[in-house]
Every structure is written in C-alpha cells, then in structure tokens.
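Notes to accompany the following structure.
Numbering of ligands and ligand atoms starts at 1, following listing order. Below, all heavy atoms of this structure are taken into account, side chains as well, without hydrogens, waters or symmetry copies.
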Amino acid sequence: MVGQIPNWIGGQERTALSSEWFDKLNPHNGELLSRVARSRLDDVAQAVEAAKCAQPAWADTPAVQRGLILHKIVVAMQQRQADIARVVHLETGKSYKDAFGETGGAIQLGLFYASEGQRLYGRTTTSGVVNKTVMTIRQPVGVAGLIVPANTPIANVAWKVFPALICGNACVLKAAEDTPATAHIFAEIAHSAGLPAGVLNIIQGYGEEAGAPLIEHPDVGVISFTGSTFVGKLIAATAAKRLAKVSLELGGKNPLVVCDDADLENAVKWALLSAFSNAGQRCASGSRIIVFDSIYDRFREMMIERANRLKVGSGDDDDFGPVISEEQLNGMIAAIERARQRGAAILTGGCRLTDPGHERGFYLAPTLIENIDPHDEVSESELFGPIAVLYRVKDFAEALALANDSPYGLTACIHTRSLQRAIEFTHKVQAGVAVVNAGTYGSEPHMPFGGLKQSGNGTREPGTEALDIYSNLKSIAINQ
Ligand code: NAD
C-alpha cells in the first residue's frame, strides 16, 4: 500500500499546495506505509471554499433524497468492507478481524442516518395567539468542520460525516495524521456512490497546521471534534472567539467497579476487555478498576494470570495490537516509569515488547498497576494504552466516591448482582454512560454518547441527538 495519500477536495485528489509530505508508518512493524499530504491554511481554505460552493445545492436536495444517497454509500461500504478493513488493519495494526468489525459498525451507523432522512422532524405545537400556527423546522448549519482521532478510524469518520450530511451540511474533515488512508478511502467510496463533488472534503495533515486553520475559518459554522481534552480546550477557546457552534467528544479515565457480590469470572472477562481491547486506545477504556477489599486479592490474581495469557499482535488470533505510534508508546512507558518511582507496583507488563514478532512494532505489554494514589498522574491522566490501575475499597460508598473522584466523566461500569447497587450506581455515577455487568464501552448508532466534566462540552453523538449539533432549529409562526 506504500503510496501517496493526497487531500480530497471538490471531488478530486489534490496534493498539498506546499508539495510537502510526511511519513505514515505501520504500527505493527515500523515500516513506511504511505506518504501523506502535509496541508496548511491555504489547503484548508480551498476545501472550505469547495464545501461552501457545494452546500446550497446539497441543502436544497430533499432530506429523503439525501438519505437515499447516504444509503448508496452504505451499500458501497458493504461491498468494499474488506478493502476498508484492510486499510484500517494496516494503518492501526489492529487485527483484520477487529478492523472488519469496526467497519461493520461504521456501516450500521450510516444505515441509521440514511433512514433519518425520512425523519428530520420539527414540532408543530399550540400558540397562545388566535389564528396563529407555530412550528419548528431543522435547517443545516452550512459548512461542518470535523476533526477525528486515529483509534477507531473508520468509525470516527462515520460518526461525524453521516449525521452532518443528512442534516444538509457540506463537510471538511481533517483526517487523523495516523490514519490518513482510512479517511481517503471513505471519501473515494462516497464519491463513487453518488455524493456530489464538494459535499465531503478531506484534508490531510497535522493538527496545528491543518486542524487549527479549519477551526479558525470564519465560514465553518459548526465544529465537531473528537480527541484529547487538551486539544478540545484549545478548540473551544478558538471557536468561542467567533461564537461557532462546537461539539467536543474528549477523553476518559473510566471506572469499572467490582463489588463483593459480582460474578467474578464475568467481571474479570470484562475488566480485561475494557482495559486492553483496541490496545486501550478507547476514550471509553476501563483504566481504573475499583475492587471491594474482601475479593481484591482473588480478583487481582485472576487479572494478573489472565493478562499474562493475552496474545499481543496484529493477527486475528491476537487479543490486541500495537499502539498507534512510537511517540505514544514512549509517552506511556515514561508515565509508567514515573509511577514506579513514586512507589507504584507494576503487577504485570510495564514495558515494550521486543521479542521476535514484536521487535519493530509499537507494542506495550498489557500493564496492571496498583498501590497508587487516586490523584497520582497515572490515576488522573489518560494514557490511551493497554494500562489499568487497580484500587482497593472497603464498600459501595467508597467505590462510588472513588469512581466520581476524577476530572473525567465519560463512561462507568459496575459488576454486582444487587439490583439496588446497580440502580444507585447508574444514577449517581458522574458519567455520560453507565453500564451494569459488562464493559465500560458499548455504544450503538441510535444511542447518545458523550461525557461530563473534562470528557466533553455536554453534546451527544451519535443517535438523533447528533442532529441537534448539525442542524439549527427555526421557529416559524404563520398568522392567518
Ligand atoms: P489529539 O487531540 O491529539 O488529536 C485528535 C485530532 O485533533 C487529530 O486529528 C489531530 O491532528 C487534531 N489536532 C491536534 N491538535 C490540534 C489543534 N491544535 N487544532 C485542531 N486540531 C488538532 O488526540 P489523539 O491522541 O489523536 O486521540 C486520542 C484522544 O481522543 C483521547 O483523549 C481519547 O479519549 C479521545 N477520544 C474521544 C472519543 C469520544 O467519543 N469521547 C472517542 C475517541 C477518542
């Protein structure tokens, strides 16, 4: 697949105006995968202009017709699911099987929004004035600026592009620099399936060079960002200066509580999946595992034993793959080392895998840590890798308090057989998503997802809730 990944503007491939490229490496073996257009402000301006020109005709296309075009994209994605999955597999290092599953999720999401073309409801309601009819209608915002991370790349693109398009916006998506070809193949498929030129534009490049100008551009009416809390705050500050609408889906440090009445086998299974699936590169990963004192030692032994049996690699038989880049890997190892120096016990992992098969890839062994303060760096900052911390608590009240003692509030899970504990936890935990007896993740296309505190700015995507981000409501009054 070594080749060049250009921008996609106005329905065509375009190299960056600077003619510069940067290298994208394969996380599994460190080899060069592709050379990627290094875009800057002028390229972004071209893409926004293309979107601005295409948007009025797209907005005038009835929503039902827009939905039919989205449905054609969905069908084309189904036909090319294997091609998309292969690109995701190569760019992320996750197994082909997981990449295929992720692509299936993106297709499901597209199907949901294609159907929403028949349901872009407003409201009709009563008025206090005689002979007056009042209603609301949804209208597109205009140009949507979309910025995504690399962790689940095809799902991330689908989560933003499909709802933005069904609402009648034209999009400029800044692809994640670590998964450029995934965004490119999506645009190419969408265009071939009948999406008019200019309605979806893809800009490749680095965040500060290609993402920031998109946020600053006065013609971008709505910004939807998924990524780190640090960058999310920068984006919020920039968008605030021109009062642009902004949706922020940010980081998490998600608690998974294991009570003394839990089904321990089930709890261990889900704790491992929550901590390590997708190499822990999930905003919803279960990175804080909070366990009742009376079962702590048994649970810890089971976790260590199972974590040591996990297969790490890029094949379909492996449990999880590499992290996305060497820079990310080195950051994780440094954070673990600092924790060790402060007295943390590294129960398993904590180091790069260098044995044959892993030696050139960006692989971190599954890492479990204990004996660390709830306000330590590794307790409070998102490491975005296969790393989880175990905490010992005496009872439910302490578990709930510790679950909530975090700057983040994205997802949370409890393992218990008690209905009373389950209900109290789901109601009182400070998170946008609360789960009983499974993992800290598990979003569905029709369900709103998003977080509290540092995990977002209160918006929810996907579901019908995302329509509120990508459309404006207009109140209409007709007096007879
Ligand atoms: P990141 O914030 O570094 O980058 C995300 C995207 O933002 C990339 O495309 C990057 O190029 C761009 N970017 C970086 N700096 C920018 C700037 N100054 N202006 C505009 N754009 C900029 O995040 P990452 O490390 O690539 O991704 C991991 C993060 O994403 C984690 O924090 C994770 O929790 C979060 N995430 C959140 C969700 C959610 O739904 N809440 C889902 C997936 C990932």
Can you report which non-hydrogen protein atom sits closest to [atom], along with the distance?
atom: atom 10 (C) of ligand 1; answer: E177 OE1, 3.4 Å
atom: atom 28 (C) of ligand 1; answer: F384 CE2, 3.3 Å
atom: atom 43 (C) of ligand 1; answer: N151 ND2, 3.3 Å
atom: atom 2 (O) of ligand 1; answer: S228 OG, 2.6 Å
atom: atom 22 (C) of ligand 1; answer: G207 CA, 3.4 Å
atom: atom 36 (N) of ligand 1; answer: C283 CB, 3.5 Å
atom: atom 21 (N) of ligand 1; answer: I147 CD1, 3.6 Å
atom: atom 26 (O) of ligand 1; answer: P149 CB, 3.9 Å

**Report entry** Sub-3.5 Å N/O-N/O distance, E382 and ligand 1
**Finding:**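 Between E382 and ligand 1 (N or O atoms, distance only) the closest approach is under 3.5 Å.
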
Query raised in the report: Could an N or O of ligand 1 be found under 3.5 Å from any N or O of A176, whether backbone or side chain?
Result: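 Between A176 and ligand 1 (N or O atoms, distance only) the closest approach is not under 3.5 Å.
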
Query - Audit row: S18, R38, side-chain hydrogen bond (donor to acceptor under 3.5 Å, both in side chains) steps and yes/no - result: CA-CA 8 Å; S18 66; R38 185 166 174 180; over 6 Å; no

Determine whether the side chains of [X] and [Y] contain a donor N or O and an acceptor N or O closer than 3.5 Å.
X: S224; Y: E461; result: yes
X: K253; Y: S381; result: no
X: E13; Y: H184; result: yes

Report task. For residues Y363 and T354, determine if any side-chain heavy atom of one lies less than 4.5 Å from a side-chain heavy atom of the other. Result ->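 Contact flag for Y363/T354 side chains = no.
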
Report task. Compare V231, N278, V148 and give the one whose heavy atom is closest to atom 6 (C) of ligand 1. Result ->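 Minimum heavy-atom distance to atom 6 (C) of ligand 1 goes to V148.
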
**Report entry** The one among K253, E208, Q328, Q204 that brings a heavy atom closest to atom 25 (O) of ligand 1
**Finding:**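 Among K253, E208, Q328, Q204, the closest heavy atom to atom 25 (O) of ligand 1 comes from Q328.
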
Query raised in the report: Can you find a protein heavy atom under 4.0 Å from atom 41 (N) of ligand 1?
Result: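 Yes; the ligand atom in question has protein heavy-atom contact below 4.0 Å.
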
**Report entry** Close-contact set for ligand 1 against E249 heavy atoms, below 4.0 Å
**Finding:**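 Near E249, the atoms of ligand 1 are 37 (C), 38 (C), 39 (C), 40 (O), 41 (N).
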
Query raised in the report: Hey, what do you get for CG (N169) to CG (L200), rounding to the nearest 0.5 Å?
Result: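 Those atoms lie 12.0 Å apart.
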
With the threshold set at 4.0 Å, does a side-chain nitrogen-carboxylate oxygen contact exist between [X] and [Y]?
X: R342; Y: E377; answer: yes
X: R40; Y: E209; answer: yes
X: E91; Y: K94; answer: no

Query raised in the report: F449 and Y441: aromatic ring centres closer than 6.0 Å?
Result: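 Ring centroids of F449 and Y441 are no less than 6.0 Å from each other.
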
Query raised in the report: Which bit of L250 gets closer than 4.0 Å to ligand 1, counting heavy atoms only: side chain, backbone, both or neither?
Result: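 The answer is the backbone.
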
Query raised in the report: Counting only heavy atoms, which portion of F230 has something under 4.0 Å from ligand 1: side chain, backbone, both, or neither?
Result: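 For F230, no heavy atom sits under 4.0 Å from ligand 1.
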
**Report entry** W159 near ligand 1 by a heavy-atom separation under 4.0 Å
**Finding:**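 No; W159 lies far enough from ligand 1 that no heavy-atom distance drops under 4.0 Å.
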
